[in-house]
There are 2 protein chains.
Amino acid sequence: MSLVAPKRVRIYDVAQAAGVSVATASKALNDTGRMTDETRTRVKDAATRLGFRPNAMARALIQKRSFTVGLLTNDTYGRFTLPLMAGVSEALVDQGVSVFLCAIEDDPALAKIHVDAMLDKQVDGIIASGKRIDRQLPVDLENLSVPVVYAFTQAPANGVSLVSDDAAGSREAVEWLKSLGRRRIVHVTGPRSFASVEERAGAYRDAVGPTAEVLFGTWSEQWGHEAVAQLWDAAGETPDAIFCGNDQIARGVVDALRERGVAVPADVSVVGFDNWEIVAAATRPPLTTVDMNLKELGREAGRLVLALAAGETVEPGIRKLPCALVVRQSCGGGPRS
Amino acid sequence: MSLVAPKRVRIYDVAQAAGVSVATASKALNDTGRMTDETRTRVKDAATRLGFRPNAMARALIQKRSFTVGLLTNDTYGRFTLPLMAGVSEALVDQGVSVFLCAIEDDPALAKIHVDAMLDKQVDGIIASGKRIDRQLPVDLENLSVPVVYAFTQAPANGVSLVSDDAAGSREAVEWLKSLGRRRIVHVTGPRSFASVEERAGAYRDAVGPTAEVLFGTWSEQWGHEAVAQLWDAAGETPDAIFCGNDQIARGVVDALRERGVAVPADVSVVGFDNWEIVAAATRPPLTTVDMNLKELGREAGRLVLALAAGETVEPGIRKLPCALVVRQSCGGGPRS
DNA sequence: CTTTTGTGAGAAAAGGATTTCTCTAGTTGA
DNA sequence: TCAACTAGAGAAATCCTTTTCTCACAAAAG
């Protein structure tokens, strides 16, 4: 075990070992230029043998590409960011691209610091992401010298943006409930001020028709309890299905129903939204819920930002990615075909 | 609005604007070298005026410092990583250091790819982090050419490592329960195979004395329910306090108690561990729980890795950082002094 | 009046790759 | 046989800073 750090091997060393010039070595390794196959493999072998790894800084300096991208987010709690990050990373890692994660906590000054730091470091692109699909980050990313992709956050007019297709997700949830024979489906969701609330509720109304009933509240288990109280204490027919705006509300609803002695899913089916594992899986019974496929959203964002960085032109506008219904046990019904 | 990206201003431009050489400009901006104050301010003014930002790649190339560090983690779910990351970032951002986040999912091959990518990019240091304090990451970080700090994961023999002082946290929880007059305190926790389970349980035993009783199970709400069943269905005196190994178990316990008509905190006090906001705050009543101060752990890890990168020598070994009891309502007792 | 010391500033090298020329030699075509 | 190409490889420029010398000049010392 030697304690002296071994000198980094440079392309110069590879060239010498292979008996060629530095220029030829560079071209051989990058599969550019012209030379005999024999020379190329000889250089590559030498590189492998010596364990050559090009100095990314030197490369970045001349190519003006750093093989890094920045992920900017104000979702401190990471509920949405992490799956997204996982997807981005997955899409980029085999291109040799690494990801700076910058959490900016709704602080414009902090955001500016992070953006400047990223620009200094010559990131090839920036992915902007947030905890709300209908809010912009507190920093202006237009007219930057690098491409920007907006994922799960509001984009400026001519930005390239990716969001989940909440409306389709809602429709799917409602259709699922209908296919199970449910007839009186109520929607319990978050505050109207959220765009996704309106979008999900709108799609729900369209799918359910005239019997639609939406209860707006907060994004909490507490609200789930209250909503059940409202529904069951009111006169008239009680619902046989509740489609919730997120998993926390759904959990509250399920717990409240159990406490009232209403059987889930025998008497009432419940569907959540978000597929937040920790909530959805711990609910008794585990929640059937709409997954926004944030990881795939991340992958796509990664691909897009890379394409933009490579100079490809990408049509601006909003791209909607499909949601997927994850069937567990809170609705009844088996795994779907 | 001009559509052509403005040419980046180089130090050469600043030098020219200030009427000095590039060398002088560099020294002026970095507060090194010798020159009149007048020259220095003249250069700095020019730099500000032109909006000069040094090219980090060129700087890194020569200084062999990239002002980046890597955070390696196998905690896919991000429960521990995110607070840690927030702390690291907070400690480093005003030094101009950015953080690469690399999620490696227990995959040695992926881990190696990420580590190599980071080394290529000349990170100044690496912070290794995991979801278990008693497991090493599936990758060897010894004898790397950059310093490594282990945070919330097991370190090799001569590594620099940071963990939370779980034992002290447990003691504090027990003392709190005692101070509220609780006399029969039971510990319901996770699987024995976790080092933190043994450590927390050990400290609990020491603090409680001969009446100590520990129930080992899994890290789930489900287990919380089962444990309550075991305790209440058994003959003999029931506990007046339950100290849980994590918040999920605690939530299960609280729910189970409520279902049995046992009042929390009136009849029984419950304490959790982790302060996982989403679980702790949604429990009815909200959980009093031990917070591992992961953000502070992250800050400290950031400071340490920077110190190491700067060539300072840091004593190897395990540093334990204090936990903090977060008082909510599941124990009774007011906010602590 | 000469020598030493100190100060301010610039020239040039270095850092490690990529890329554009340039050059030689061999091949093809007329 | 001679011009025109082409393939293979290398020399040198380039990317942008930092840093180490070197130098000129002025002030202090002898």
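Order of the sequence lines fixes the chain letters, A, B, ..., with proteins taken first and strands second; residue numbering starts at 1 for each chain.
Nearest-nucleotide positions on DNA chain D place R40(A) closer to the 5' end than the other of N30(B) and R40(A). Both G19(B) and R59(B) lie close to DNA chain C; mapped to their nearest nucleotides by heavy-atom distance, the more 5′-ward contact belongs to G19(B). Heavy-atom distances to DNA chain C give each of F52(A) and R42(B) a nearest nucleotide, and the one nearer the 5′ end belongs to R42(B).
Side-chain N/O atoms of T39(A) include one lying less than 4.0 angstrom from OP1 or OP2 on dA9(D). Note on S21(B): every side-chain N or O is 4.0 Å or more away from OP1 and OP2 of dA12(C). Residue S26(A) has a polar side-chain atom (N or O) positioned under 4.0 Å from OP1 or OP2 of dT18(C). T36(A) has no side-chain polar atom (N or O) that falls below the 4.0 Å cut-off from OP1 or OP2 of dG8(D).
Atom pair D31(A):CG and dA17(C):P shows a separation of 17 Å (rounding to whole Å applied). Here dG16(C) presents its P atom at 16 Å from CZ of R53(A), a figure rounded to the nearest Å.
Distances were taken from every side-chain heavy atom of V22(B) (C-beta onward) to each of dA9(D), dC15(D), dT17(D); the shortest belongs to dT17(D). Among the nucleotides dT17(D), dG16(C), dT18(C), the one closest to any side-chain atom of A58(A) is dG16(C). The side chain of M35(A) lies closest to dA9(D), out of dT18(C), dG10(C), dA9(D). Closest contact between the side chain of R10(A) and the listed nucleotides dT19(C), dG16(C), dA14(C) involves dG16(C). Out of dT18(C), dC16(D), dG16(C), the shortest distance to the side chain of N55(B) is found at dC16(D).
If you check every strand for non-hydrogen atoms under 4.0 Å, V20(A) touches sugar and phosphate atoms only.
Side-chain N/O atoms of R34(B) and base N/O atoms of dG8(C) include a donor-acceptor pair closer than 3.5 Å. For dG8(C), its base never sits under 3.5 Å from the side chain of K27(B) at any donor and acceptor pair.
Residues V148(B) and E142(B) fail the side-chain proximity criterion, which asks for heavy atoms closer than 4.5 Å. Contact annotation: the side chain of L141(A) approaches that of V139(A) to within less than 4.5 Å [non-hydrogen atoms, C-beta and beyond].
For the 3.5 Å distance criterion, the side chains of Y12(A) and Q16(A) qualify, holding a donor opposite an acceptor. For the residue pair K121(B) and T68(A), no side-chain donor N or O sits within less than 3.5 Å of a side-chain acceptor on the partner.
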